Number of protein chains: 2
Amino acid sequence: MTAAANQNGRRATASRRLERAGIRDVAAAAGVSITTVSDALNGKGRLPDETRSRVREVAERLGYRPSAAARTLRTGRSGLIGLTVTTYGEEPFTFTEFAYFAEMARAATSAALGRGYALVVLPASSRHDVWGNIALDGTVVIDPPDQDPLVTELYRSGVPVVSDGKPGNCPVTAWVDNDHEAAVLGILEHLSEAGARRIGLLTGTSTDTYTRLSTEAYLAWCDRVGQEPVYEAYPAHDPAAGAVAADRLLARPDRPDAVYGLFDPNGTDLLAAARRYGLRVPEDLLLVCCSESDVYANTEPPITTLSLKPRRIGTTVVNLLIDAIEGVDAGSGSVPGRLFPPRYRTAGTGPPPGTLMPTELIVRASSQRRSPRTTISPPRPPGEV
Amino acid sequence: MTAAANQNGRRATASRRLERAGIRDVAAAAGVSITTVSDALNGKGRLPDETRSRVREVAERLGYRPSAAARTLRTGRSGLIGLTVTTYGEEPFTFTEFAYFAEMARAATSAALGRGYALVVLPASSRHDVWGNIALDGTVVIDPPDQDPLVTELYRSGVPVVSDGKPGNCPVTAWVDNDHEAAVLGILEHLSEAGARRIGLLTGTSTDTYTRLSTEAYLAWCDRVGQEPVYEAYPAHDPAAGAVAADRLLARPDRPDAVYGLFDPNGTDLLAAARRYGLRVPEDLLLVCCSESDVYANTEPPITTLSLKPRRIGTTVVNLLIDAIEGVDAGSGSVPGRLFPPRYRTAGTGPPPGTLMPTELIVRASSQRRSPRTTISPPRPPGEV
DNA sequence: CTGCGTCGCAGATACGTTTCTCCATGACTG
DNA sequence: CAGTCATGGAGAAACGTATCTGCGACGCAG
């Protein structure tokens with residue numbers, strides 16, 4: 001009795017219900033062994049082209065689709081990458097990072113797909129059973145909080161983790177972040193050159209890297225140039241709180257004559273607040289905010305924005321992760337030219353490799369006094385209308 | 001020789017490298033069989049609580065995590081749902097649907113997670129090998145084009161498919177869509193009541209359901225009330241083309257005194273175009289556009305928008321899909337009270353079940369000739385789905 | 001005619017679960 | 001005391017693939 005007949009028999013005996021064709025069925029139909037089918041379809045082994053194409057044809061005819069689960073089990077690779085986003089509240093995405101996140105996720109999806117991987121969106125707050133039930137080859141973590149237990153567990157269980165945002169106190173394989181310090185300093189300098197005398201900051205109360213580094217850079221700058229810090233912090237995940245904070249900032253006795261807002265909605269909120277106080281932008285108030293939205297190109301006046309270039313970040317993060325996945329799995333091997341040799345995973349070699357990416361300041365009318373020429377209008381005392 | 005020793009021996013013989021603890025290791029450590037471990041951890045079988053908790057404790061101590069791949073292979077369920085978005089160009093998301101898609105995806109992710117599933121983002125244009133490599137329990141398809149081959153193949157291979165957007169000519173398990181006809185008629189009526197004499201439309205050139213139904217409803221209305229249609233169509237996926245089309249529309253000799261724009265950026269584009277032509281909004285031109293963005297609450301003037309309520313759609317779509325997945329798999333069974341009995345999957349029983357969901361018109365200053373004081377702009381309830 | 005290398009493929013095993021089947025053991029009933 | 005039943009658990013068969021090992025046949029040199 002041939003093996004094919006045997007296996008086919010077992011199949012038929014077990015159940016004669018509708019079943020998707022398996023590799024065994026293809027083997028039987030083509031009159032070859034399972035090995036041959038596998039080799040033919042995956043381009044491995046030593047087979048004459050004739051056999052290869054015949055097997056392929058039979059597989060096609062039978063509508064054979066290899067079982068992803070079986071392949072994953074066998075190879076240990078699922079082709080799945082987790083995209084973890086830290087959550088505030090029960091919604092999976094942070095509201096304030098929304099445009100940033102959307103763009104970044106889009107780029108990450110593209111990049112992953114281009115290398116044969118797919119992305120699974122997994123809020124960090126997900127039920128643990130969901131996390132455990134998915135075979136992930138690696139994970140991208142967006143802005144992990146300090147001591148993120150999730151990241152720690154993932155890393156310990158051997159899953160490569162690359163974070164968007166310099167990680168606080170958890171081990172990651174690699175990380176990517178903007179140069180927030182340089183970005184903030186650039187903006188402050190830009191505003192100063194435009195004539196700002198007292199620059200205020202609209203910042204957040206949370207402790208993520210972005211908020212922290214940006215605020216620190218602002219405070220350091222204030223200290224250096226001798227300006228008293230003027231800032232308001234609010235819970236960035238609360239969409240209503242931003243408008244209130246913007247209002248508070250402009251209502252202060254030491255009202256700033258220029259403001260940088262760290263979050264996307266700050267631009268419109270500040271603009272609305274300025275209107276309420278009868279402040280003209282940019283004459284009485286210079287405005288910059290961090291945003292990926294191009295609505296700020298069409299506001300009245302258009303608002304200068306800082307772009308974190310999320311597409312670039314998303315692409316980089318995914319590529320680093322996949323490099324790590326494929327590099328690590330080549331494992332203790334001596335594959336030359338690997339971008340990410342295994343040593344990156346070993347502990348004790350110091351901090352994980354990080355990449356700083358530049359930001360881009362898109363200068364519009366809101367941060368330029370007069371016509372965007374070279375002349376700088378004389379500074380104006382705050383409060384004057 | 002006991003089974004445990006045997007299996008342990010095999011394990012140790014095979015390789016003594018670092019390996020994640022498997023169910024066998026737990027069984028050996030707890031001094032029970034594999035069956036018992038599986039039953040204890042999954043809450044099945046007949047076991048005294050003492051054994052159960054002991055096994056759980058051992059598993060915890062060993063850091064045991066069941067292999068998702070093995071479980072998927074065995075049970076046939078991966079807990080993964082595909083989220084497919086039709087693409088124009090190479091970017092995975094359609095630009096014009098962006099805010100809609102983002103909100104919808106967010107809600108879908110939440111809903112799926114709440115029921116123990118995770119979402120995989122899969123552009124329809126993905127490399128076929130990526131599609132084939134993922135074990136999906138079902139798929140959500142956003143606005144499938146007519147005769148979508150992908151959907152057809154998925155459906156044929158037995159994967160439940162639920163579409164957002166009434167499907168053209170491809171078989172799906174179920175679908176959800178807005179009542180676009182009612183929405184457009186409502187807007188036209190609203191504009192008429194505000195005093196519009198000639199209502200124009202800014203529409204798209206693509207053939208997706210949304211564009212088609214909306215345009216048809218507009219044309220039908222024109223026919224009924226005896227107005228000559230005044231519209232401009234442009235490729236909605238091209239962000240630059242919208243502004244040009246808006247300009248064209250207002251430059252026509254038969255310039256409309258009210259415009260409805262089908263796509264998100266139309267509001268700002270129309271506003272800018274109106275400014276260029278010296279038209280005041282709403283005095284000379286009434287404006288409504290379809291958008292999920294709340295920037296239109298703060299434009300000058302605020303613009304009336306039609307919300308498609310993407311959160312509600314996303315939630316509904318996912319729930320329908322999971323109902324189908326779990327209902328189908330209970331299979332030929334006689335499980336009572338199933339929301340989606342298997343009969344929905346059988347062919348020949350007519351069109352698949354569809355659900356129409358209402359839209360919401362958020363009336364703002366741009367579509368009201370008189371003082372907008374009397375009407376109350378509905379505040380967004382924070383917990384709204 | 002023997003030994004050897006290559007070609008083309010078949011067998012068997014392992015991946016790590018879930019689950020069906022079945023066997024002890026004791027308790028209880030008649 | 002024999003039969004029945006519930007209890008607690010063990011064994012083994014899948015799930016569908018990839019891959020390691022090995023084997024017959026064939027060509028060719030010695």
Side-chain angles (χ1 to χ4, degrees), chain A residues 1-8 10-11 13-15 17 19-28 30-52 54-55 59 62 64-79 132-133 135, chain B residues 1-8 10-15 19-28 30-52 54-55 59 62 64-79 132-133 135:
Chain A
M1 184 195 247
T2 72
N6 177 20
Q7 283 166 350
N8 213 21
R10 186 167 47 146
R11 206 92 207 293
T13 310
S15 63
R17 298 191 174 278
E19 307 197 12
R20 313 202 342 89
I23 197 174
R24 281 192 301 256
D25 304 300
V26 178
V32 296
S33 76
I34 294 180
T35 306
T36 304
V37 175
S38 179
D39 283 349
L41 263 41
N42 295 338
K44 303 192 172 177
R46 307 172 299 190
L47 298 179
D49 287 347
E50 190 270 331
T51 306
R52 231 176 258 282
R54 183 164 48 91
V55 169
L62 264 53
Y64 168 69
R65 295 275 171 270
S67 150
R71 173 172 294 172
T72 299
L73 178 58
R74 182 63 232 245
T75 62
R77 284 263 261 284
S78 65
N133 251 340
Chain B
M1 185 194 247
T2 71
N6 177 21
Q7 284 165 347
N8 212 22
R10 188 168 44 149
R11 207 89 207 292
T13 309
S15 63
E19 306 198 15
R20 312 202 340 90
I23 197 175
R24 280 192 302 258
D25 304 299
V26 177
V32 295
S33 76
I34 294 180
T35 308
T36 303
V37 174
S38 179
D39 283 350
L41 263 40
N42 296 337
K44 301 192 173 176
R46 310 169 299 192
L47 299 178
D49 287 348
E50 191 269 332
T51 305
R52 231 177 260 282
R54 184 165 46 92
V55 169
L62 265 54
Y64 168 68
R65 295 274 172 268
S67 148
R71 172 173 293 168
T72 299
L73 178 58
R74 182 61 232 244
T75 63
R77 286 262 263 286
S78 65
N133 250 339

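The sequence lines fix the lettering, A, B, ..., with proteins before strands; numbering per chain opens at 1. These values consider heavy atoms only, across backbone and side chains, with no hydrogens, waters or symmetry-generated copies. Just so it is clear, the model here is predicted, and its values are computed rather than measured.
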Inset, instruction - Please confirm whether the backbone N or O of B/Asp39 pairs with a side-chain atom of B/Arg52, one donor and one acceptor, at under 3.5 Å? - result: yes
Filtered N/O pairs between nucleotides 18-20 of chain D and protein, under 3.5 Å:
residue : atom : partner : partner atom : Å
D/dA18  : OP1  : A/Asn42 : ND2          : 3.3
D/dA18  : OP1  : A/Arg71 : NE           : 2.8
D/dA18  : OP1  : A/Arg71 : NH2          : 3.0
D/dA18  : OP2  : A/Ser38 : OG           : 3.1
D/dA18  : OP2  : A/Asn42 : ND2          : 3.3
D/dA18  : N3   : A/Arg74 : NH1          : 2.1
D/dT19  : OP2  : A/Lys44 : NZ           : 3.0
D/dT19  : O4   : A/Thr35 : OG1          : 3.2

Inset, instruction - For the pair B/Arg54 (side chain) and B/Ala30 (backbone), establish whether a donor and an acceptor sit closer than 3.5 Å, ignoring hydrogens and angles. - result: yes
Inset, instruction - Indicate the atoms forming the closest heavy-atom contact of B/Val55 with B/Val37, along with that distance. - result: CG1-CA, 3.9 Å
Legend entry - Where A/Leu73 and B/Ser67 come nearest, the two heavy atoms and their spacing: CD1-OG, 4.3 Å
Inset, instruction - For B/Arg65, report the nucleic acid contact type (base, sugar-phosphate, nothing); a contact means any heavy atom under 4.0 Å. - result: sugar-phosphate
Legend entry - Under 3.5 Å: donor-acceptor pair, side chain of B/Asp25, backbone of B/Gly22: yes
Legend entry - Side-chain N or O of A/Ser67 closer than 4.0 Å to phosphate OP1/OP2 of D/dG16: no
Inset, instruction - Give a yes or no on whether the backbone of A/Leu47 and the side-chain of A/Thr51 come within a donor-acceptor separation of less than 3.5 Å. - result: no
Legend entry - Short side-chain donor-acceptor distance under 3.5 Å, A/Thr36 and A/Ser33: yes
Atom pairs under 3.5 Å: protein N/O with N/O of nucleotides 23-25 of chain C:
none

Legend entry - Side-chain touch B/Leu41/B/Pro66, heavy atoms, less than 4.5 angstrom: no
Legend entry - Interatomic distance, B/Arg24 CZ vs C/dT17 C1' [rounded to whole Å]: 10 Å
Inset, instruction - Give the minimum heavy-atom separation between A/Ile34 and A/Arg24, together with the two atoms involved. - result: CD1-CG, 3.6 Å
Legend entry - B/Asn133 CG to D/dG16 C1', straight-line distance once rounded to whole Å: 14 Å
Inset, instruction - Please tell me which of the listed nucleotides, C/dC9, D/dG8, D/dG16, lies nearest to the side chain of B/Leu47? - result: D/dG8
Legend entry - Atom-to-atom span, CZ of B/Arg52 to C1' of D/dT7 - whole angstrom: 13 Å
Legend entry - Nearest-nucleotide 5' precedence on DNA chain D, B/Arg54 against B/Leu73: B/Arg54
Inset, instruction - Could you tell me whether the phosphate oxygens of C/dG8, OP1 or OP2, come under 4.0 Å of any side-chain nitrogen or oxygen in A/Thr51? - result: no
